[in-house]
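Note that the structure is a prediction, hence the values are computed from the model and not measured.
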Amino acid sequence: MPRKYKAKPRAKPRYFKPVERAGGRIVYKWEPGPTLRDKGWQARELGEDYLQAVAKAEALNDQLDAWRAGATTAMPQKVENRDYRYASWDDLERRFNGAEGLEGVSYRTGRPYSTKTRAEYRSRMKFLRAWAGGGAMKLRHITPETVIELRNTLVAGTTPHTAAAILRALSAMMGWAEFHGLIERGKDPAKKLNIPEPKARRKRVQSEVVEAVAAAAMKEGWPSIALAVQLGFYLVQRPGDLRSLDAFNWRRAVDIAPHDRAVLAGADGEVWSVRLKQQKTGAWVDLAVTNALRSQIDAAIAANAMPGSNSPTPVLVDHTTGQLWHERNFSKYIRLAINAALAAAKEADNQFMIDQLTGLQFRDLRRSGMCWMRDLGVPVPLIAARSGHSIQETQKILDTYMPADSRGSAAAIAMATTRAAELAQQKDAKA
């Protein structure tokens, strides 16, 4: 019987690109590079049918090849995009809020916007809308000069964090407007904007400070806050991810090395972990916990269980409502617990604890936990596996919050001291 040969799949055409829209819908585009676009070869949408889109892309590539070979009949048809002449801030905001923007995927990364990013941009749009005349301002009237004037006004009149957040939202929206033809290509007024970034917080605390805040929260009758403080430090995760933890995130850890299991396991020989998907990055992390922390999480889930409910039991519950913590109330009780621990430190005249607790915020616990592990000699790649950062990001955080390499510095002076002593002994022996 003659051998049957399978048809070789056709190679993807040049400049052919699938784009995911809202609801997982795939639309195909022909998108040449910036050099070709500047010469008039504009991006084209090819529809949702794959075979038809491939055929259209190949036809466009044939025209492009003929043009490159000198055929004047194949000169690009520069599309007169009149949108930018009339587009207003209202138009930009409406489209940016929809399936082409925040509800779809980022034109820069090709990934969906996170819930937190969508909320942040929409929050900042309120200010930008007022700045743009209630939405009536034409986009062509937004120039580099007006953007710089806005930046200077924000820097002078708001906090560095607020100024940076508003300007980042403006930069993202104007870049999106350029990409989608609401402003002329190459005319993004915020493209070269120097956004003043707020100084990184350098506050870091030791583990005994975390235990003191947890003890103060327990004394006040707030076990959920006590557990939250410990989770923030030992799990090194963001507040929003911790507030949303439930019983579905709580499971037996399986891929544990024997020597690690011996350290972490309870009396039953099991190690438990928190597995979650980070809201900001979309990264999955699996966070094994000590047996002591396991006992507290088990107790919290048991206490928060609601008989007859089909919803998973939350780990952290607002004691004032019996529901999941709202960000504002959570921050309030974290602050009250820190203040209670600070008051106890002042009463005991413990200057170390006073210094550590003064100015402490919950967001400091994540990076403090990372520095605590580094101080104990945990390698950076292992810290990164727990925090969900890349190794480079983890190293940058550690460089910000602690000396560049305190262990290396100590090892250097210890080695030099040892070597000096050896040389002195050799000199005495010769004498």
Side-chain angles (χ1 to χ4, degrees), residues 5-115 117-118 121-122 125 138-140 169 171-188 191 282:
Y5 292 93
K6 291 185 178 179
K8 186 176 181 179
R10 183 161 48 178
K12 186 174 71 173
R14 287 167 292 155
Y15 313 122
F16 185 77
K17 179 181 177 182
V19 178
E20 184 176 357
R21 296 283 170 82
R25 186 169 60 93
I26 301 296
V27 174
Y28 300 99
K29 297 184 72 174
W30 184 76
E31 192 171 294
T35 302
L36 289 171
R37 291 200 299 270
D38 289 342
K39 294 181 179 180
W41 292 95
Q42 301 299 314
R44 307 282 184 87
E45 284 208 7
L46 306 175
E48 299 182 34
D49 185 283
Y50 177 78
L51 294 179
Q52 291 182 14
V54 166
K56 292 176 183 177
E58 289 177 339
L60 288 167
N61 285 332
D62 289 342
Q63 291 180 35
L64 177 60
D65 291 340
W67 172 75
R68 282 172 167 161
T72 57
T73 55
M75 287 295 287
Q77 297 294 318
K78 187 154 188 174
V79 178
E80 180 71 19
N81 187 343
R82 299 174 60 85
D83 285 350
Y84 71 81
R85 298 187 180 183
Y86 309 107
S88 66
W89 184 268
D90 264 336
D91 299 323
L92 170 57
E93 188 175 307
R94 184 183 67 255
R95 289 182 59 182
F96 186 70
N97 262 316
E100 296 174 287
L102 294 179
E103 294 302 327
V105 298
S106 168
Y107 76 96
R108 289 173 175 167
T109 66
R111 297 194 299 268
Y113 291 92
S114 70
T115 302
T117 299
R118 289 199 300 268
Y121 281 171
R122 284 169 176 157
M125 279 183 211
K138 300 298 183 185
L139 297 183
R140 70 177 186 273
S171 177
M173 293 180 72
M174 296 311 295
W176 186 94
E178 181 189 28
F179 183 81
H180 287 84
L182 293 181
I183 58 178
E184 286 187 86
R185 190 170 298 278
K187 299 286 187 177
D188 177 359
K191 188 170 186 177

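- Minimum heavy-atom separation, Leu46 to Ala53: CD1-O, 3.4 Å.
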>> Evaluate Glu184 against Glu178 for side-chain contact (heavy atoms from CB on, under 4.5 Å), listing each step before the verdict.
In response: CA-CA 6 Å; Glu184 286 187 86; Glu178 181 189 28; over 6 Å; no

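- One side chain, Trp89 or Glu93, offers a donor N or O that lies under 3.5 Å from an acceptor on the other.
- The minimum heavy-atom distance linking Trp176 with Gly101 is given by the pair NE1-CA, 3.8 Å.
- By the 4.5 Å heavy-atom criterion applied to side chains, Leu64 and Leu36 are counted as neighbours.
- By the 30° and 60° cut-offs, the orientation of the rings of Phe16 relative to Tyr28 is parallel.
- By the 4.0 Å N-to-carboxylate-O rule, Lys56 lies too far from Asp49 to be salt-bridged with it.
- Listed by chain and number, the residues in a salt bridge (charged side-chain N to carboxylate O under 4.0 Å, His left out) with Lys187 amount to none (sequence neighbours excluded).
- Residues Leu139 and Ser88 fail the side-chain proximity criterion, which asks for heavy atoms closer than 4.5 Å.
- Note: Leu182 CG to Arg95 CZ = 4.5 Å, rounded to the nearest 0.5 Å.
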>> side-chain contact (heavy atoms from CB on, under 4.5 Å), that's the test. Do Tyr15 and Lys29 meet it? Break it down for me.
In response: CA-CA 8 Å; Tyr15 313 122; Lys29 297 184 72 174; over 6 Å; no

>> Would Val105 and Tyr113 count as a side-chain contact (heavy atoms from CB on, under 4.5 Å) here? Give the steps.
In response: CA-CA 6 Å; Val105 298; Tyr113 291 92; over 6 Å; no

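- Looking at every heavy atom in both residues, Leu60 comes nearest to Trp41 through O-CZ3, 4.5 Å.
- Here Arg185 pairs with nothing under the salt bridge (charged side-chain N to carboxylate O under 4.0 Å, His left out) rule; sequence neighbours left out.
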>> One pair to check against side-chain contact (heavy atoms from CB on, under 4.5 Å): Asn97 and Met125. What are the steps and the verdict?
In response: CA-CA 10 Å; Asn97 262 316; Met125 279 183 211; 3.7 Å; yes

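- Summarising the geometry, atom CG belonging to Asp188 is positioned 6.0 Å from atom CE belonging to Met174; distances are rounded to the nearest 0.5 Å.
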> Would Asp91 and Lys138 count as a salt bridge (Lys or Arg N to Asp or Glu O under 4.0 Å) if you check the C-alpha gap in whole Å, the side-chain angles of each, and the deciding distance to 0.1 Å?
Replying inline: CA-CA 9 Å; Asp91 299 323; Lys138 300 298 183 185; 5.9 Å; no

